[in-house]
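This report refers to the structure that appears directly beneath it.
As a basis for the values below, the full set of heavy atoms in this structure was taken, side chains included, without hydrogen atoms, waters or symmetry mates. Source: prediction; values computed, not measured.
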Amino acid sequence: GITVLGEAEITSNSLSRRIRFNGSSTTVAYPNLKELIIKDMKHWEEWVMETSSEDIAVMPLLQRLDIYDCPVLKSVPHQILSQSVRKLFIQNCPKLTISCLPPLLEELILDGDPGSLSKSLPFKSNTSLKVMWIQYSPHSTFPQGLSQLKALQTLKVFDCNSLTCIPHELQHLTSLREFYITRCPILGPRCEK
């Protein structure tokens, strides 16, 4: 049953545009869910989190959230991007807007077009992000806000055919130990000079 659920995967090619996660009268909805993978939801536009009370905790142990190939999804409820999320993977969700990333996020993977995260990284304060991947980005620039990532130790950039330059704000990443640029035909040769 849902009370022992440790991970869940939601996959569909149906015409459903709206999915609701309903919290019940209990004080914790999905109390044991640690990993949530959502993929191939081609028509999903709206993720609605309905609870009967503001006192309900939603997925309090969620540590990993993966959202793949949801091309019309507009947002993720703030209850999902909670204190517990440590790893976030967003792939090909060009309409997705995330207004604030989890404060204790340790690993962020942006694959393809991750929506608003391709433009800026909305952290209120993050001292825990250690690893970031940017791969298959169709954009010519890195997301803004990299200088906020004071704990970032590893930055991996792969297969980004349009990236043109490394932002100056990377020089402020004093914890950065590994910086990989692989198969980026414009950016790679510029870094060799």
Backbone N/O of [Y] and side chain of [X]: donor-acceptor pair under 3.5 Å:
X: Thr154; Y: Glu178; value: no
X: Thr164; Y: Ser140; value: yes
X: Ser175; Y: Lys150; value: yes

Smallest separation among heavy atoms of [X] and [Y], with atom names:
X: Ser137; Y: Cys160; value: N-SG, 3.6 Å
X: Phe123; Y: Gln148; value: O-OE1, 3.0 Å
X: Met132; Y: Leu146; value: SD-CD2, 3.9 Å
X: Pro60; Y: Tyr30; value: CD-O, 3.8 Å
X: Ser128; Y: Pro103; value: OG-O, 3.4 Å
X: Asp159; Y: Cys184; value: N-SG, 4.0 Å

**OP:** Apply the test side chain to side chain contact (heavy atoms under 4.5 Å, CB included) to residues Asp40 and Lys42: give CA-CA distance (whole Å), side-chain angles for both, the deciding distance (0.1 Å), then the verdict.
**Re:** CA-CA 6 Å; Asp40 297 320; Lys42 303 294 183 200; 3.9 Å; yes

Subject >> Sequence-distant partners of Phe158, ring-ring contact (aromatic ring centres under 6.0 Å, His included), two or more places apart >> reply: Trp133

Side-chain donor-acceptor pairs under 3.5 Å in residues 115-122, sequence neighbours left out?
{"from": "Ser116", "atom 1": "OG", "to": "Ile98", "atom 2": "N", "distance (Å)": "3.0"}
{"from": "Ser118", "atom 1": "OG", "to": "Gly115", "atom 2": "O", "distance (Å)": "2.7"}
{"from": "Ser118", "atom 1": "OG", "to": "His139", "atom 2": "NE2", "distance (Å)": "3.2"}

Subject >> Derivation and outcome, side chain to side chain contact (heavy atoms under 4.5 Å, CB included), residues Leu104 and Arg86 >> reply: CA-CA 6 Å; Leu104 301 177; Arg86 300 293 190 264; 3.4 Å; yes

Original post:
So among Leu173, Thr174, Leu170, which one has a side chain to side chain contact (heavy atoms under 4.5 Å, CB included) with Leu152?
Top reply: Leu173

Subject >> Residue of the set His168, Gln171, His172, Glu169 for which side-chain hydrogen bond (donor to acceptor under 3.5 Å, both in side chains) holds with Ser147 >> reply: Glu169

Donor-acceptor contacts under 3.5 Å from residues 62-73 side chains, at least two apart:
{"from": "Arg64", "atom 1": "NE", "to": "Asp66", "atom 2": "OD1", "distance (Å)": "2.9"}
{"from": "Arg64", "atom 1": "NE", "to": "Asp66", "atom 2": "OD2", "distance (Å)": "3.1"}
{"from": "Arg64", "atom 1": "NH2", "to": "Asp66", "atom 2": "OD2", "distance (Å)": "2.8"}
{"from": "Asp66", "atom 1": "OD2", "to": "Tyr68", "atom 2": "OH", "distance (Å)": "3.0"}
{"from": "Asp69", "atom 1": "OD1", "to": "Asn92", "atom 2": "ND2", "distance (Å)": "3.1"}

